[in-house]
Amino acid sequence: GNDGDGVPEGEVIIGSYYGGPNVEILGTKHVSVLSKITSITNAHTSTDGSPIPTGSPTDLGVFKIAAAQQSNNLNGRNKVAINGLTLTVRSQNVQLNTSSFVLYNTADTNSTAGGAKFYTLDGQLITGPTVSGDFLVFFDNLLNSSTNIVIDAGMSATFALKATPIQTTNAIYSLQVSLEQFTNPAAAPFGPLGSHIQWLDKDSGNCQMFNWVDSPNTVVKSITFRN
């Protein structure tokens with residue numbers, strides 16, 4: 001055994017060149033999953049620099065989420081289920097109707113998730129009929145919505161944030177939606193100031209919730225609307 005006196009006297013020393021008291025050996029955190037998000041990418045069909053069509057519902061940001069191929073068949077094939085998303089909107093001289101914001105799977109445009117909450121970038125709740133500037137759009141409990149948020153193994157799903165721009169208030173305007181704060185496993189729980197994604201690794205019998213994604217991309221930006 002190690003007597004911890006700092007003098008090597010036959011002890012087998014691991015993780016150090018010198019003798020001394022025993023200390024924990026810490027390494028990179030590893031997590032085992034049965035389903036996994038492999039990528040999140042921009043999937044908007046418009047291009048950067050597109051104008052904002054005011055007065056009608058518009059897809060402001062569109063993101064494709066892909067799930068890894070796997071063959072875990074106990075209790076059915078494991079799937080990815082998106083339960084929460086917080087999307088960042090950065091805009092200049094654009095006003096939007098808060099009651100018009102919905103999230104939906106583009107494979108089923110008739111089923112949408114509403115009930116969005118709005119926050120400033122530092123986490124203060126925004127209330128009122130309109131919103132502008134830089135803000136967060138918060139959707140939670142998506143499992144209880146009518147939107148299809150389940151992604152089969154080896155497949156992908158595309159989700160769009162839709163809202164109605166009321167008006168542009170200046171000759172110069174811009175708007176961009178992004179997904180941020182979603183790659184840190186040590187981040188606070190899902191919420192405006194914590195992680196901006198919550199997903200489940202689930203089959204017909206069990207599920208495990210995660211508030212982060214193993215991704216080299218810390219920010220995913222959709223297109224920029226501008227004049």
Side-chain angles (χ1 to χ4, degrees), residues 40-65 82-142 145-147 149 157-183 190-198 213 215 217-227:
I40 303 176
T41 55
N42 170 48
H44 210 297
T45 56
S46 297
T47 58
D48 276 334
S50 296
I52 295 179
T54 58
S56 60
T58 302
D59 288 341
L60 302 179
V62 185
F63 301 91
K64 182 171 76 172
I65 302 178
I82 308 300
N83 191 49
L85 281 175
T86 301
L87 296 172
T88 302
V89 178
R90 289 185 167 84
S91 67
Q92 180 183 16
N93 299 322
V94 180
Q95 286 189 344
L96 301 109
N97 186 335
T98 54
S99 64
S100 68
F101 278 80
V102 295
L103 185 74
Y104 72 97
N105 186 321
T106 59
D108 182 5
T109 58
N110 293 319
S111 299
T112 62
K117 297 178 182 178
F118 302 90
Y119 296 87
T120 62
L121 299 188
D122 61 358
Q124 302 299 310
L125 182 66
I126 298 173
T127 59
T130 64
V131 67
S132 61
D134 299 345
F135 57 93
L136 304 174
V137 187
F138 176 80
F139 293 93
D140 63 349
N141 297 318
L142 293 174
S145 74
S146 62
T147 304
I149 46 74
T158 301
F159 299 95
L161 177 69
K162 177 178 287 187
T164 301
I166 299 172
Q167 63 179 344
T168 55
T169 58
N170 192 288
I172 298 174
Y173 67 80
S174 64
L175 184 145
Q176 184 178 58
V177 179
S178 60
L179 176 62
E180 306 176 8
Q181 296 178 207
F182 67 98
T183 62
F190 173 69
L193 293 180
S195 171
H196 284 184
I197 192 169
Q198 185 176 82
V213 174
S215 170
N217 301 314
T218 58
V219 176
V220 181
K221 297 179 179 180
S222 195
I223 69 163
T224 299
F225 293 91
R226 64 166 67 92
N227 61 339

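All residue numbers in this chain count up from 1 along the given sequence.
Residue pairs meeting the salt bridge (charged side-chain N to carboxylate O under 4.0 Å, His left out) criterion with at least one member in residues 88-105, sequence neighbours excluded: Arg90-Glu180.
In this model, a donor atom of one side chain and an acceptor atom of the other lie less than 3.5 Å apart for Asn42 and Ser222.
No side-chain heavy atom of Ile65 sits under 4.5 Å from any side-chain heavy atom of Val213. Here the side chains of Leu161 and Leu85 are not in contact, with every heavy-atom distance at 4.5 Å or above. Looking at Thr147 and Leu103, their side chains never come closer than 4.5 Å, going by heavy atoms from C-beta outward. With a 4.5 Å cut-off on side-chain heavy atoms, Ile40 and Ile197 count as touching. Contact of the Leu136 side chain with the Leu121 side chain is registered, since non-hydrogen atoms from C-beta on lie closer than 4.5 Å. A heavy-atom distance below 4.5 Å is found between the side chains of Ile126 and Thr120. Considering only heavy atoms from C-beta on, Val177 stays 4.5 Å or farther from Phe225 through its side chain. Side-chain contact between Leu87 and Leu179 is present, with at least one heavy-atom pair separated by less than 4.5 Å.
Summarising the local packing, NZ of Lys221 is surrounded by 12 or fewer heavy atoms from other residues, nucleotides or ligands at distances under 6.0 Å. At most 12 heavy atoms of other shown residues, nucleotides or ligands fall within 6.0 angstrom of atom CD1 in Ile172.
With hydrogens and angles ignored, the 3.5 Å screen pairs no side-chain donor or acceptor of Asp140 with any backbone N or O of Asn83. Side-chain N or O atoms of Ser111 include none that pairs as donor or acceptor with a backbone N or O of Asp108 at under 3.5 Å.
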Subject >> Stepwise ring pair (Phe, Tyr, Trp, His ring centres under 6.0 Å) test for Phe190 and Phe138 >> reply: CA-CA 10 Å; Phe190 173 69; Phe138 176 80; 5.2 Å; yes
Subject >> side-chain contact (heavy atoms from CB on, under 4.5 Å) between Phe118 and Val137, intermediate numbers included >> reply: CA-CA 5 Å; Phe118 302 90; Val137 187; 4.0 Å; yes
